[in-house]
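Order of listing sets the numbers, starting from 1, for every ligand and every atom in it.
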Amino acid sequence: MHHHNLSKKYFEKAKEVIPGGVNSPVRACKSVGCDPVFIERGEGCFLYDADGNKYIDYVCSWGPMILGHCHPEVCGAVSEAMYQGMSFGAPTWKEVELAEKIVSMVPSIEKVRLVNSGTEATMSAIRLARGYTGRKKIIKFDGCYHGHADSFLVKAGSGVATLGIPGSPGVPEEIVSNTIALPYNQLDPVKEVVSKQGEEIAAIIVEPVAANMGVVPPSEGFLEGLREITKEYGILLIFDEVITGFRLAPGGAQQYFNVMPDITCLGKIIGGGMPVGAYGGKKEIMDYIAPDGPVYQAGTLSGNPLATAAGLATLNVLSRAGIYEVLEERASFLADGIKERAKKYGIKCQVQSISSMMTCFFGVSDPVKGFSSELDTDMYAKFYRLMLDAGIYVAPSQYEASFVSLAHNWDVINKTLEVIDKVFKNL
Ligand SMILES: *Cc1c(COP(=O)(O)O)cnc(C)c1O
């Protein structure tokens, strides 16, 4: 049994000076019925909390830490950059190197603009799509999360789903009235809306593998269908690859499924743990951004030297041969092991995984194809608490993904399955 005395004390203090005690809502662990642990440091696939407890980390900072914590090449690159000066607000060569790297890895990107978060990337991509097409409306899908910009807070997944709120006060009706939310993985509703309002729709934005309603891969033909429909109506197709980018394959989901969007949004892994986002696409579209074009978008810290160094070092490691095969092999062994144990103990759940990301959906016996409100979140909460107590740190919400990093070696994967055996027995 772990003790969390210091974490508890820190959280009490935190609540006095930070709203909810956290700087991003899901971290408060409300939906799993316990207080958060405060992390002191990470190393490889392990986290150490303020009370000295050690955990195997399957959150990986919600995706970015695909190489594990404190990867020597990333740390080396960042410390070297740090002593050259932390920010200039002027061009640096490293930005060009990172842009070249992104262009070489992500098949549909010809030009790319760096920003500071995934939210900035999606927000800017939508502005660009609207500016480029001269249209106002966008289509998004229920349970897909695209950051917290106003336009996207309609049936958003992630923290919004975890808290069970439909949208958010503070977002004007006028803004979300331009956002059409449709069910994920269904083409017919898209066809119907587009056949009536196609000329008004600037973009369809989609997570090519949904990961903010738990991991939900695209159904056969869904992404291809979206590509066809958007082409027909002059609508831009935006892949929000903030999670899938550099996760499913070096070139992200677009390479994995061989479907090319017009604009790609990146984040998370692209910064290797530093705050970086990016959006990119065809030259012709990207040239619509200021200073070459009329669509304004800027950032004092965009392309920051430390962030750029961490990102470039991370992508360099990920470009080496065999990395994705290793990740996939370990993750699918883990997913299969969880499925076996669920069966052994008669736990009603669906384990859905693709590449090195997965979710165990409790309370359902059929594959989850879109946002589901049928999930047994109480059982997830119990699962979370038992896992934490046994030294395994998973997402504090049923509506999130777990990630395997390169630092999760076979010993760690096997250890995890031993723990899951015990946890499922007691669930
Ligand atoms: C995390 C996430 C975002 C938002 O990125 P932030 O860096 O948290 O602003 C956007 N889209 C998807 C698919 C995400 O998973």
Side-chain angles (χ1 to χ4, degrees), residues 22-28 59-66 106 113-127 129 138-163 168 179 181 184 203-218 223 237-248 252-254 256-257 261 263-280 297 299 301-302 304 307 310-311 314 354-359 370-371 395-397 399-403:
V22 290
N23 284 313
S24 197
V26 186
R27 294 180 199 168
V59 178
C60 296
S61 187
W62 308 92
M65 310 316 292
I66 191 169
V106 186
R113 173 63 66 84
L114 296 180
V115 292
N116 303 293
S117 67
T119 293
E120 268 190 72
T122 53
M123 181 186 84
S124 311
I126 285 293
R127 183 183 303 145
I138 60 169
I139 292 177
K140 78 173 284 288
F141 296 96
D142 303 346
C144 282
Y145 180 66
H146 303 295
H148 65 89
D150 286 354
S151 304
F152 300 119
L153 289 180
V154 184
K155 298 198 173 172
S158 192
V160 190
T162 306
L163 299 175
S168 173
T179 304
Y184 191 74
I204 296 182
I205 184 165
V206 64
E207 286 183 75
V209 172
N212 288 287
M213 50 177 119
V215 171
V216 179
L223 298 175
L237 180 61
I238 303 176
F239 277 4
D240 180 351
E241 297 226 41
V242 171
I243 283 191
T244 55
F246 314 109
R247 168 63 65 181
L248 289 201
Q254 54 195 270
Y256 192 96
F257 295 108
I263 303 175
T264 302
C265 302
L266 297 164
K268 301 201 165 108
I269 290 174
I270 201 179
M274 293 288 253
V276 183
Y279 63 113
Q297 183 270 312
L301 294 174
S302 295
N304 171 270
T314 300
I354 178 166
S355 195
S356 55
M357 49 204 264
M358 71 183 78
T359 297
F371 181 78
S397 162
Y399 294 99
E400 303 282 356
S402 290
F403 299 99

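Side chain of S61 to main chain of G63: no donor-acceptor pair is present (N/O by atom type, distance under 3.5 Å, no hydrogens or angles). When atom types are taken as modelled, the side chain of E207 and the backbone of F239 share no donor-acceptor pair closer than 3.5 angstrom. A donor-acceptor pair under 3.5 Å is absent between the side-chain atoms of R127 and the main chain of Q297, judged by distance alone.
Partners of F246 by ring-ring contact (aromatic ring centres under 6.0 Å, His included), not counting sequence neighbours: none found. In terms of the side chain to side chain contact (heavy atoms under 4.5 Å, CB included) criterion, residue partners of P218 (sequence neighbours excluded) are, by chain and number, Y184, N185, V209, F222, L223, F257. Considering only residues two or more places apart in sequence or on other chains, S355 meets the side chain to side chain contact (heavy atoms under 4.5 Å, CB included) condition with L248, E328.
Taking a heavy-atom cut-off of under 4.0 Å, ligand 1 is surrounded by S117, G118, T119, Y145, H146, G147, E207, N212, D240, V242, I243, K268.
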